[in-house]
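Let me begin by presenting the structure, written as structure tokens, before commenting on it.
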Amino acid sequence: MTNKQAPRTAAPQRFLTGITTTGTPHLGNYVGSIRPSVAASTGLGAESFYFLADYHALIKCDEPARIQQSTLEIAASWLAAGLDPERVTFYRQSDILEIPELTWLLTCVTAKGVLNRAHAYKASVDKNTAAGNDPDADVSAGLFMYPVLMGADILMFKAHQVPVGRDQIQHIEMARDMAQRFNHLYGEHFVLPQALIEESVALLPGLDGRKMSKSYDNAIPLFTPREQLKKLIAGIVTDSRAPGEPKQAEGSALFQIYQAFASEQETAALRKSFDEGIGWGDAKQILFERIDQEVGPMRERYQTLMQDPAKIEAILLAGADKARRLATPFMRELRQAVGLRKLVAQTATPAKGKAAKTGLPVFKQYREADGKFHFKLLGAQGQMLLQSHGFESPREAAQAIASLQADGATALPPLQDRLQTLPGVTNEAITSALDLVRSAVQ
Ligand code: TRP
């Protein structure tokens, strides 16, 4: 079963990254993650997966309304910043039911001792120990299992590269170990992922000069209204040099934020103004205008999107559909690999006619009065799931069937023009029938 996957190594590099859905995106998230990711996703040759990590959010947040609101805001932010859901796979983690299922399979190949050493968990334990508390006080099993859930996110989609911040490198290494251990036990199923650290992405300072972070309460929300943006920028800490006095660009939070938005020439010009003693008020005005120039048009798109949650929901569901075309058959393969199997062996090539009796979906080829060659896919209960338009030759019809048998739902898009849409038949029903056909053929 695994040799079917072998050509994958020649496939383009696959990038995948998750965004935890707690909170509202700020300028630091934009510069450090949203902007570079959107830029990368428009590049050629790469296949990108972006998802809203809402299962992960539950580990940190027990306010349902906040999880929902943050999911909406983050989805709208990424779309407003130019992420094109047609070019990438953009989905919500909790729409992929295979993720928690894979989490369990990985849990069973992960050493508990390895999880004991995960940074986030260890930090909590160290804090408790220092305070003289029980080491595991206030630590949920969810926090402990965080790296395994993240491993499932990554391994499910066979990601090669995972763009993350430095604090996440250990998690990617753990995902690699899980993949290796699983492959060793059950055969080559997983791709070993690598962390991709963007060295050039600067950490944006916040209002007080420390790293911009919601937990320091020094963040500028990405899509705060224009007036509010101006006010917040006015509050950036500066030294007390008066207008006319030369100012230091290095170490100035204002200057660093400017640099993250401006071109090299613009940055050089501001540096010169600093040397020449520009007043802090004027410098703040320049910074405000520069940020607003980039963010203003996105803010408008953001506001439009925020008023249409149904549209975002539809985009996310379409993304989930795309993602599950990979996840569903892969999970079936993995279940088979570990021994979660039907008790009755599935025959390698079911004899014609017998298939219906064994409860498997079946393809039927036939010729219509117009002389053309057609096929249909009947479900286990004989219901029609797919019906083709007419092909000129029986060979063409057979080729289409063969591609569906070999590749399942992934063969559907190229055949789109050759298939009729049938009222009342869900993609889900078609996909799962094709999965069954596929596992029977293999
Ligand atoms: N843990 C990541 C963070 O906090 C979010 C995340 C969840 C993630 N699953 C992932 C990132 C998978 C990359 C790949 O930033």
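All residue numbers in this chain count up from 1 along the given sequence. Counting starts at 1 for both ligands and their atoms, following the listed order.
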Specify side chain, backbone, both or neither for Val164, according to which of its non-hydrogen atoms lie closer than 4.0 Å to ligand 1.
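The part of Val164 near ligand 1 is the side chain, not the backbone.
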
Taking 4.0 Å as the limit for heavy-atom contacts, which would you say applies to His171 with ligand 1: side chain only, backbone only, both, or neither?
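The answer is neither.
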
Which of the atoms in ligand 1, numbered in the order shown and given with their element, are less than 4.0 Å from a heavy-atom of [X]?
| X | value |
| --- | --- |
| Asp153 | 7 (C), 9 (N), 10 (C), 12 (C) |
| Val162 | 13 (C), 14 (C) |
| Leu16 | 14 (C) |
| Thr20 | 3 (C), 4 (O), 5 (C) |
| Tyr146 | 1 (N), 2 (C), 3 (C), 4 (O) |

Establish, yes or no, whether the cationic atom of Arg241 lies under 6.0 Å from the six-membered ring centre of Phe274 and within 45° of the ring axis.
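Output no; distance or angle outside limits.
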
On the ring face of Tyr216, is Arg210 found with NZ or CZ under 6.0 Å from the centre and within 45° of the axis?
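Yes, a cation-pi geometry.
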
For [X], I'd like to know if atom [atom1] has over 12 heavy atoms of other residues, nucleotides or ligands within 6.0 Å.
| X | atom1 | value |
| --- | --- | --- |
| Glu428 | CD | no |
| Gln68 | CD | no |
| Asp62 | CG | no |

How far is atom 11 (C) of ligand 1 from its nearest protein heavy atom, and which residue and atom name does that atom have?
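Its nearest protein heavy-atom neighbour is Gly18 N, 3.4 Å.
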
Aromatic ring proximity, centroids under 6.0 angstrom, Phe51 and Phe157
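So the answer is no for these two rings.
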
Does any N or O of ligand 1 fall below 3.5 Å from an N or O anywhere on Gln168, backbone included?
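It does: an N or O of Gln168 is found under 3.5 Å from an N or O of ligand 1.
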
Nearest heavy atom to atom 12 (C) of ligand 1 wins, so pick from Phe49, Tyr50, Phe51.
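The nearest heavy atom belongs to Phe51.
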
Could you go through Glu289 and Gln285, starting from their C-alpha distance and side-chain angles, then the distance that decides it, and tell me whether this counts as side chain to side chain donor-acceptor pair (under 3.5 Å)?
CA-CA 6 Å; Glu289 293 296 351; Gln285 181 63 24; 2.9 Å; yes

